[in-house]
Structure formats: C-alpha cells, structure tokens
**Student:** 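One structure, as structure tokens, below. Some questions next.
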Amino acid sequence: MTLGETGKAAVEAARAKAAPTLSVVVPTYCERANVPVLFERMKAALDGLPWEMIVVDDDSPDGTSDAAFGIAAQDRRVRCVRRVNRSGLAGAVIEGWMASSADFVAVIDGDLQHDERILPQMYILLAAGRGNLAIGTRGAGGKVGLSPIRRKLSDLGGWFFRRVAGAHVTDPMSGFFMIRRDIVARLAPRLATDGFKILVDVILSAGGQLEIVEVPYTFRKRMAGESKLTPLVALDFLGLVVHHATGGLLPIRFVLFALVGAIGLVVHIATLTAFRYFFGASDFSAGQVVATLVAMASNFLLNNEITYRTYRYRGWSKLIGFVAFAFGCSVGALANIDIASFLYRFNQTWWVAGLAGALLSVVWNYAVSSNLIWRPRRRG
C-alpha cells in the first residue's frame, strides 16, 4: 500500500470518530488579532479531519482569551484555557496537551509565522506509522521570516544540538511540531514548564526513543502581536541542554542563573578594566563599586528576561524590581567590595581580587533572587 493510500485510510478512520483525533495547541500572549485569522486558515487546511484548536492564553492584556472564547461560543472546534497568574510558553503547551484526549497533539505559534497547511501532511505521516514525532522544519530557504540574528542562532543551535544530543534534527529550535499524545503524556512529568524550546526538552527527555520525520515549510513574517522570542533564547536553549547533560542533577533555573552570572563576571571585569584605563589604577575600590553596580544591573535584566521570566517585571515595574534586587543584594555587594579590596591590598593582583568579589556576589544573589525578588505574584 502506498503512503497516499495509507494516509487516505487514516483520514477516513479519523472521520468516523466523534471526538477530535488531532488537537492543535496554540500558546498565546497578546495575539488577539491573529487568533481569528489562524482559526480560519486551520479550517481550510484541516478540512475533512476531526480536529480542535486549543488556545492557551497567558492572561493577555489585549483580550486574546476573549477573542478565543468568542469563537468557541460559535464553533466547538475551538477551546480556550486562560492561565491566570502564571505564564511561560512551555508550560502553556504542556497544559494544552494534557487537556486533549486526541490521538495526536500539535503545537503552532499564534503569530501566523508557521504554515498550518503542512499539518495534514504531518498527521498522515504519523497516522501511517512513518514516525511518532513530525517537525515542521524551516529549511535553508524557508527562514525569510527570521531576523539575521535569529537565523544565525537557529543554525548554530541546530549544529550544537546534533553534536550534543546525537539526534539528526535539522531544526531543533522549531516551535512547530506534532506528536502522539500518549508519548507526551508519559514525558510530561519530566518536561520543564519554563522556557521556550519545548521541542528540545521533548527530544532529550525521550532519550532517543522517538522516530522523527521532518516536513519543510517557509517561515512567514510576523504580521501582528508580540514576539515571544529574543536572541536571549540561546541561553534558554543552552540551559536545557546542560540540564539534560547532567542527568537532571542541575535544575534548569540554576543553570540559567549560573550562565547569567558568568556573563555578569565578564561585564564586571570589563567595567573594572575600563575604569582603570580611563581613571587610573590608584583607586581600586571606586572601580570595584562601579563594576559591581554595572554587573548587578546586567544580571537583573538578564535574569528578568531569562531565569525568572515567569515572574518577570514589565514596563516601569522593572525599575521597582531592580531597586528591590539592588537592596536585597546589598549585603553581597558590600562583602564583594570589602573582600576584593582586601585581596587587592594583599597581593596587588587586581583581576583575581575582582573575580573573587564577583563570585561571592553571584552566590548571594541567587539566594536572594530565588527567595525574595522573583516570586509568584499577580501580573501588572
């Protein structure tokens, strides 16, 4: 039997079922204008299949969930889960999957950049037993919707992932894929709810037990809504890989905090070097104060966007968050300055003294950040 005949048989069997055989999960944040468009496109693409669209919205202030509920009131193929006081793309996807009873579940962004027209092809491949994970792959010529930086990050991420994971996946940074629901139900307890790159987490958590097929498509340009991704997603990707490489021994949040701390060390030493260059080497303590403040600011901004993104500060609240962060870490900063200055007087090796003081701040800041600064709260 050819693939086409097998696929037709699978579609006919799906039509005979009353319940959806495919659930397409759409994680959203500020995508009110895109949700109705995506639904209309999916109706055309999935015509003939019993399917549903599950919108999982992170309590968008633009009323995305209202738009989804409005469509759901008219068409039972749409469901909406509004998540209050919690957020995160990976967590939203997992909740959508767990709310499904279909044989297959997919995830597609709500920004219209993914091509929903390949969903039937992905479904037929999985239903025909040609694999249990189908990935929508942005081919070499299909990344027109990516900025140059994101294109380079995607290529670098794919190269790195193939060498670390040993899995030949062209586009592990993809957020568009379909998988059997029984597989994700088994993997769900091991998946991280923080992060953007849930496909990486799924593949690494499965431990080489997935049969992967890839379906190429052309990545579209964003038309409306708020992008969930920035170049900082590279750290999130690296954190997931390190977490799995240690067998889960190091929590992802700790890995991310350590990576941010490493960047903070570079910022600290670079600032201290610049201070000595412009103002001379006579007043080391003043240089250490300036370097500490600059590194503290960079650490706050990076941790706010990466490590603690679920509870991140937005808009003007970032200033309040930074003040709280600076105040909470003041003890570590003072110890940093005192210890670094003492070591400098002791051996006159400025970079060793600066590094030791900065390391002390990293340890203290992690404890303060995790317990006092970023915590579950109502979103402003």
**Student:** Hey, are the side chains of E52 and R79 touching, using non-hydrogen atoms and a 4.5 Å cut-off?
**Tutor:** yes
**Student:** To check you understand the geometry: which heavy-atom pair defines the closest contact between I198 and A90, and what is its length?
**Tutor:** CD1-O, 3.8 Å
**Student:** For a quick test of reading the model, state the closest non-hydrogen atom pair linking L22 to A102 and the distance between them.
**Tutor:** N-CB, 3.6 Å
**Student:** Identify whether the distance between the nearest side-chain nitrogen and carboxylate oxygen of R220 and D115 falls below 4.0 Å.
**Tutor:** yes
**Student:** Are V107 and V81 in one and the same hydrophobic cluster, where Ile, Leu, Val, Met, Phe, Trp and Tyr link if side-chain heavy atoms are under 4.5 Å apart?
**Tutor:** yes
**Student:** Would you say the side-chain atoms of N303 pair up with the backbone N or O of N299, donor to acceptor, closer than 3.5 Å?
**Tutor:** yes
**Student:** F300 vs F325 aromatic rings, parallel, tilted or perpendicular, using cut-offs 30° and 60°?
**Tutor:** tilted
**Student:** How many angstroms lie between CG in L319 and OH in Y313, if you round to the nearest 0.5 Å?
**Tutor:** 11.5 Å
**Student:** Does a side-chain heavy-atom distance below 4.5 Å link L302 with T307?
**Tutor:** no
**Student:** Are W316 and F327 connected in the hydrophobic side-chain network, where two residues link if heavy atoms are under 4.5 Å apart?
**Tutor:** no
**Student:** Got a second to check how far Y217's OH is from I135's CD1, nearest 0.5 Å?
**Tutor:** 11.0 Å
**Student:** Please tell me whether N304 and W374 have a donor and an acceptor in their side chains that are separated by less than 3.5 angstrom.
**Tutor:** yes
**Student:** Can you give me the closest heavy-atom contact between I118 and G136, atom names plus distance?
**Tutor:** CD1-CA, 4.0 Å
**Student:** Would you indicate whether the side-chain heavy atoms of Y29 and P61 approach each other to under 4.5 Å?
**Tutor:** yes
**Student:** Does a side-chain N-to-carboxylate-O contact under 4.0 Å join R32 and D62?
**Tutor:** no
**Student:** May I ask you to say whether K318 pairs ionically with E305, meaning some side-chain N is under 4.0 Å from a carboxylate O?
**Tutor:** yes
**Student:** For a side-chain contact (heavy atoms from CB on, under 4.5 Å) check, start with the C-alpha distance between H268 and S298, then their side-chain angles and the critical distance, and finish with the verdict.
**Tutor:** CA-CA 9 Å; H268 184 98; S298 70; over 6 Å; no
**Student:** Can you name the nearest heavy-atom pair linking V25 to G96, along with the distance?
**Tutor:** CG2-C, 3.7 Å
**Student:** Between the main-chain N or O of T170 and the side-chain N or O of E214, is there a donor-acceptor pair closer than 3.5 Å?
**Tutor:** yes
**Student:** Search all heavy atoms of I373 against all heavy atoms of G321 and return the closest pair with its distance.
**Tutor:** CG2-O, 4.2 Å
**Student:** Run the side-chain contact (heavy atoms from CB on, under 4.5 Å) check on Y308 and S369 step by step: do they pass?
**Tutor:** CA-CA 9 Å; Y308 302 101; S369 298; 3.6 Å; yes
**Student:** For L133, which of L125, V213, L199 qualifies under side-chain contact (heavy atoms from CB on, under 4.5 Å)?
**Tutor:** L199
**Student:** In Å, rounded to the nearest 0.5 Å, how long is the span from CE of M53 to CZ of R77?
**Tutor:** 10.0 Å
**Student:** Between T137 and S174, does a side-chain contact (heavy atoms from CB on, under 4.5 Å) hold up when you go through it step by step?
**Tutor:** CA-CA 7 Å; T137 301; S174 175; over 6 Å; no
**Student:** What verdict does the side-chain contact (heavy atoms from CB on, under 4.5 Å) test give for M122 and F176, after you've listed the backbone C-alpha separation in whole Å, the side-chain angles of each residue and the deciding distance to 0.1 Å?
**Tutor:** CA-CA 11 Å; M122 298 165 79; F176 184 23; 4.2 Å; yes
**Student:** Taking N132 for the side chain and R180 for the main chain, is one N or O donor matched with an acceptor at less than 3.5 Å?
**Tutor:** no
**Student:** When you group the ILVMFWY residues by side-chain heavy-atom contacts below 4.5 Å and let the links chain together, are L256 and L372 in the same group?
**Tutor:** yes
**Student:** Decide yes or no for V35 and I71: does some side-chain heavy atom of the first lie under 4.5 Å from some side-chain heavy atom of the second?
**Tutor:** yes
**Student:** Any salt bridge linking D57 with R82? Criterion: basic side-chain nitrogen under 4.0 Å from a carboxylate oxygen.
**Tutor:** no
**Student:** For the hydrophobic clusters of this structure (ILVMFWY residues joined by side-chain heavy atoms under 4.5 Å, transitively), does one cluster hold both V294 and V266?
**Tutor:** no
**Student:** Heavy-atom count check: over 12 atoms from other residues, nucleotides or ligands less than 6.0 Å from R190 CZ?
**Tutor:** yes
**Student:** Quick one: pull up CG in L126 and CZ in F177 and give me the separation to the nearest 0.5 Å.
**Tutor:** 11.5 Å
**Student:** Determine whether I263 and M296 fall in the same hydrophobic cluster, where Ile, Leu, Val, Met, Phe, Trp and Tyr are linked whenever their side-chain heavy atoms lie under 4.5 Å apart.
**Tutor:** yes
**Student:** Distance from R276 atom CZ to T271 atom OG1, nearest 0.5 Å?
**Tutor:** 13.5 Å
**Student:** Flag the pair D182 / D103 as yes when at least one side-chain heavy-atom distance between them is below 4.5 Å, and no otherwise.
**Tutor:** no
**Student:** Would you say the side-chain atoms of H114 pair up with the backbone N or O of D109, donor to acceptor, closer than 3.5 Å?
**Tutor:** yes
**Student:** Is there a donor-acceptor pair closer than 3.5 Å between any side-chain N or O of D171 and the backbone N or O of R138?
**Tutor:** yes
**Student:** Return the CD to CD distance between E116 and E40, rounded to the nearest 0.5 Å.
**Tutor:** 11.5 Å
**Student:** Do Y123 and W51 make the cut of ring centroids closer than 6.0 angstrom?
**Tutor:** no
**Student:** Establish, from distance only, whether the side-chain atoms of E31 and T64 form a donor-acceptor pair under 3.5 Å.
**Tutor:** no
**Student:** With a 3.5 Å distance limit and no angle check, can you tell me whether S60 reaches the backbone of C30 through a side-chain donor-acceptor pair?
**Tutor:** yes
**Student:** Is any side-chain heavy atom of L210 less than 4.5 Å from a side-chain heavy atom of V202?
**Tutor:** yes
**Student:** Please examine the side chains of L38 and L112, heavy atoms only from C-beta on, and report whether any two atoms are closer than 4.5 Å.
**Tutor:** yes
**Student:** What heavy-atom pair brings I108 and P27 nearest, and what distance separates the two atoms?
**Tutor:** O-CD, 3.5 Å
**Student:** Would you call S205 and L191 a side-chain contact if the rule is heavy atoms closer than 4.5 Å?
**Tutor:** yes
